A.B. asks: 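This is the structure I have questions about; it appears just below.
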Amino acid sequence: MTAPMISLPAPIFAKISPHPFLVRNLTRSSTAEHPPCRTNGRATQEFRPVRINAASLSHAHGSALVRLGDTTVICGVRGELLPVEHIPQFRPVDKEQLRQKGEDGGDGGDGIGRGELRDYDLLVPNIELATGSAPQFLPGVPPITLAQTLSTRVYSLLHSTGLVEARDLRVWYSPKEQKRGEDTEMGVAGDGREEDMDEDEERLVAYWVLYIDLLFISYDGNPFDAAWAAVVAALRDTGLPLARWDPDREMVVCSKTERRALNVRGLPVACSAAVFMEKEHSESGAGPGDSGHWLLLDPDRLEESLCKEVITMVVDCSDGETRIKSIEKQGGTLLGRELIRGYAGIAERRWKEVRRAME
Amino acid sequence: MSDRRRVNGPAGTTLPPVFDDAVFEKLDTRNGRSRPPNATRKLFLKTGVTPSASGSAYLEIESSAKPGVSGLKLSCSVHGPRSLPRSAPFSPHIVLSTHVKYAPFATKQRRGYLRDPSERDLGIHLEAALRGAIIADRWPKSGVDIIISIIEGDQDRETSKLQGDEVWDMMNALSGCITVAAAALADAGIDCVDTVAGGVAALVQDAGDGSTPSIVVDPIPSEHEQILAACCVAYLPTRDEVTNLWFRGDLPASDLELYTSIVEHGIQASKNANRVLIDCLSGTVG
């Protein structure tokens, strides 16, 4: 008697034995209509299409929804005011000085601007995964390590790319302009006022703090690329209300009708890939020549759980030439100099796709 | 104490923007209710938004014609049934755990990441509403998680004064939560006796203090001068049962007629929502 043949449908096979399942899919003998591909039907160097919807929330100052296959993330940007007297160790900023440095008017120097952003912590990104976005992310517990790492990575990338400029976040009080306005209204000539020049000086009264909150609705791998695209798209959509200092009430008031769009510099795009090894339990000492490996772009949840080595490259091609803003690589020794150099070309391709989705 | 697992921002407190009142009055046009008193707003429901969950659904309620008024946007995912952890005591039926969380950008004021009491309250009401619909003893020793994120709360951005009426907003949110959770439960294939849907009705006063109050369904607090009482009903239509009733307001105890009439209007609203729910489910599930 022969043993009965057991045949399992693909999803069950993927669940009970994921590694051989993925290897078999990738090494399948190539035919014309079925080239070897990943378990999700993509070629190894194929991204999932990205879709971006901006400005869908009404309470946030800027928002975006990004879908990367089955990964869905919502980003809301909300500005709140930080009066300078609430800042411990505040260093007054002189507008004249800024003007000389070309910081205030033209596009320019990032020395002081970035210092302010970082010193006063004006950008507050947070990522929430515990929304039931995947079975392992359940609410009721403090944010897991992945959520913390993602928040920190977004935070540091926001600062290092200089996406937001400090001058967009400063709120000035210029007594001259406002007095002039009052004078013409009341019809009083302001002769005596020109003497007290000290009080007429423009001064910085508050900063906008941008709370950037990201909520994962659905999680299927590659969270950083999706989150970063959502942050960039939401910041591009952000418009802060015009704010001015009200000297009588001694507080900052905002205009209900007028908004000023945020100046977002460049368009950095993150591009991640994972290295999949043919051998499931390779020793750390084994050389790369021992077994086959694949570079899987834009990994999904199954692939992420099987790969140790991950690379993320952030590129910006908006100036016409490709600039690498950051490279992060962890968990393995396979990606060498040549591979990373080649990877820049892949990231460039990804940048074009994301830019198309943004517009 | 600050939460060290999150990015907390500046040490000093930040203030939400305060808008200029002079410009404000002109914009504040209270044009009243644009629908008939017994009509609910349009509802959009879709299942399967989170493929990795056992069941999920997304609900959106149309915002009214006024710009700046956001409709309700809810996303719900259901995980389970799965076995309870070893440490949990024996349970002869399924253990429901519900989480309702407002997104930080869902309301006028920014919300924190920790659940506040009102969100816990919503979770408890939701659990009560669903417990009556699920056939709980089919899954002994197992648990199911129902997680709802409120992406956008039902709040008016334009109202100048905070009317102290957050509870009315919560009622609308709860009725949406019940409907979306029922859709997600059905999507997860968890057996229920019937589809449960939420509905809200309210007793409102539109013209001054002396006028006679009237009953409307699906109220938006900003469309009415004053809400005297409101109730949120979770209702099973084929069994004609109410699984959860949340009533709040100020009614004379003698007038029982008025009270039952409000509840009946709530049931009416729930029936409307149920029709959308059935349409959505018969399109996808079966």
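Bear in mind the structure is a predicted one, so any value in this text is a computation, not a measurement. Just so it is clear: chains get the letters A, B, ... in the order the sequence lines come, proteins before strands, and each one is counted from 1.
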A.B. asks: Just checking A:F13: does its CZ atom have more than 12 heavy atoms from other residues, nucleotides or ligands closer to it than 6.0 angstrom?
C.D. replies: no
A.B. asks: Are side-chain N/O atoms of A:Y219 and A:Q136 paired as donor and acceptor at under 3.5 Å?
C.D. replies: no
A.B. asks: Who among B:L15, B:I147, B:V18 has the most heavy-atom pairs with chain A under 4.5 Å?
C.D. replies: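 Most pairs with chain A among the choices: B:L15.
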A.B. asks: Go through the atoms of B:R115 and report whether side chain, backbone, both or neither lie under 4.5 Å from a heavy atom of chain A.
C.D. replies: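 Neither part.
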A.B. asks: Using a 4.5 angstrom heavy-atom cutoff, name the option from A:A134, A:A243, A:P241, A:C254 with the most pairs to chain B.
C.D. replies: A:C254
A.B. asks: May I ask you to check whether A:N222 and A:D225 show a side-chain donor-acceptor distance below 3.5 Å?
C.D. replies: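 Distance-only check passes for A:N222 and A:D225.
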A.B. asks: Tell me the closest heavy-atom pair linking B:L74 and B:A173, and the distance in Å.
C.D. replies: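 The pair with the smallest heavy-atom distance is CD1-O, 4.4 Å.
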A.B. asks: Where does A:N126 contact chain B at under 4.5 Å (heavy atoms): side chain, backbone, both or neither?
C.D. replies: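 It is both, since atoms from each part get that close.
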A.B. asks: Who wins among A:V253, A:V252, A:I217 for the most heavy-atom pairs under 4.5 Å with chain B?
C.D. replies: A:I217
A.B. asks: Does some side-chain heavy atom of A:R260 sit less than 4.5 Å from a side-chain heavy atom of A:L240?
C.D. replies: no
A.B. asks: Would you mind checking if B:R111 and B:D116 are paired as a salt bridge, meaning a charged N to carboxylate O distance below 4.0 Å?
C.D. replies: yes
A.B. asks: In terms of heavy-atom proximity below 4.5 Å to chain A, should B:S75 be classed as side chain, backbone, both, or neither?
C.D. replies: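 Side chain only.
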A.B. asks: What residues of residues 62-72 of chain A sit under 4.5 Å from chain B when only non-hydrogen atoms are counted?
C.D. replies: A:D70
A.B. asks: Taking the six-membered ring of A:F224, is NZ or CZ of A:R153 closer than 6.0 Å to its centre and within 45° of its axis?
C.D. replies: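 Output yes; distance and angle both within limits.
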A.B. asks: Have a look at B:L277 and tell me which of B:L45, B:T47, B:V196, B:V180 forms a side chain to side chain contact (heavy atoms under 4.5 Å, CB included) with it.
C.D. replies: B:L45
A.B. asks: Quick check on B:I151 against chain A: is it the side chain, the backbone, both or neither that has a heavy atom closer than 4.5 Å?
C.D. replies: both
A.B. asks: Of the non-hydrogen atoms in B:A181 and B:I146, which two are nearest, and what is the gap between them?
C.D. replies: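 So the two residues come closest at CB-CG2, 4.2 Å.
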A.B. asks: Go through the atoms of A:S133 and report whether side chain, backbone, both or neither lie under 4.5 Å from a heavy atom of chain B.
C.D. replies: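 Backbone only.
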A.B. asks: Test salt bridge (Lys or Arg N to Asp or Glu O under 4.0 Å) on B:E119 and B:K101; report intermediate values, then the result.
C.D. replies: CA-CA 6 Å; B:E119 289 164 334; B:K101 184 78 193 81; 3.2 Å; yes
A.B. asks: Test the A:R203-A:W245 pair against the cation-pi criterion, namely NZ or CZ under 6.0 angstrom from the six-membered ring centroid and within 45° of the ring axis.
C.D. replies: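 The answer is yes; both the distance and angle limits are met.
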A.B. asks: Please classify the contact of B:T14 with chain A as side chain, backbone, both or neither, using a heavy-atom distance under 4.5 Å.
C.D. replies: both
A.B. asks: Within a 6.0 Å radius of atom CZ on B:R82, are there more than 12 heavy atoms belonging to other residues, nucleotides or ligands?
C.D. replies: yes
A.B. asks: Main chain of B:P17, side chain of A:E80: is a donor-acceptor contact present, judged purely on distance under 3.5 Å?
C.D. replies: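 Such a contact is absent between A:E80 side chain and B:P17 backbone.
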A.B. asks: If you count heavy-atom pairs under 4.5 Å with chain B, which of A:R78, A:H86, A:Q148 comes out on top?
C.D. replies: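 When all of A:R78, A:H86, A:Q148 are compared, A:R78 has the most.
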A.B. asks: So which atom in A:Y155 and which in A:L123 form the shortest heavy-atom distance, rounded to 0.1 Å?
C.D. replies: CE1-O, 3.5 Å
A.B. asks: What part of A:L214 gets closer than 4.5 Å to chain B, counting heavy atoms only: side chain, backbone, both or neither?
C.D. replies: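 Interface part for A:L214: backbone (N, CA, C, O).
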A.B. asks: Heavy-atom distance under 4.5 Å to chain B: side chain of A:Y120, backbone, both or neither?
C.D. replies: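 The backbone, not the side chain.
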A.B. asks: Among A:P125, A:G76, A:P139, who wins on heavy-atom pairs under 4.5 Å with chain B?
C.D. replies: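 Max contact count across the listed options: A:P139.
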A.B. asks: Name the member of A:V124, A:D213, A:D220 that forms the most heavy-atom pairs with chain B at distances under 4.5 Å.
C.D. replies: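 Greatest number of close heavy-atom pairs with chain B: A:D213.
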A.B. asks: Please rank A:S56, A:A206, A:G132, A:P88 by heavy-atom pairs under 4.5 Å with chain B and give me the top one.
C.D. replies: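 So the answer, after comparing A:S56, A:A206, A:G132, A:P88, is A:G132.
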A.B. asks: For each of B:S97, B:S149, B:P16, B:A103, tally heavy-atom pairs with chain A at distances under 4.5 Å, and name the one with the top tally.
C.D. replies: B:P16
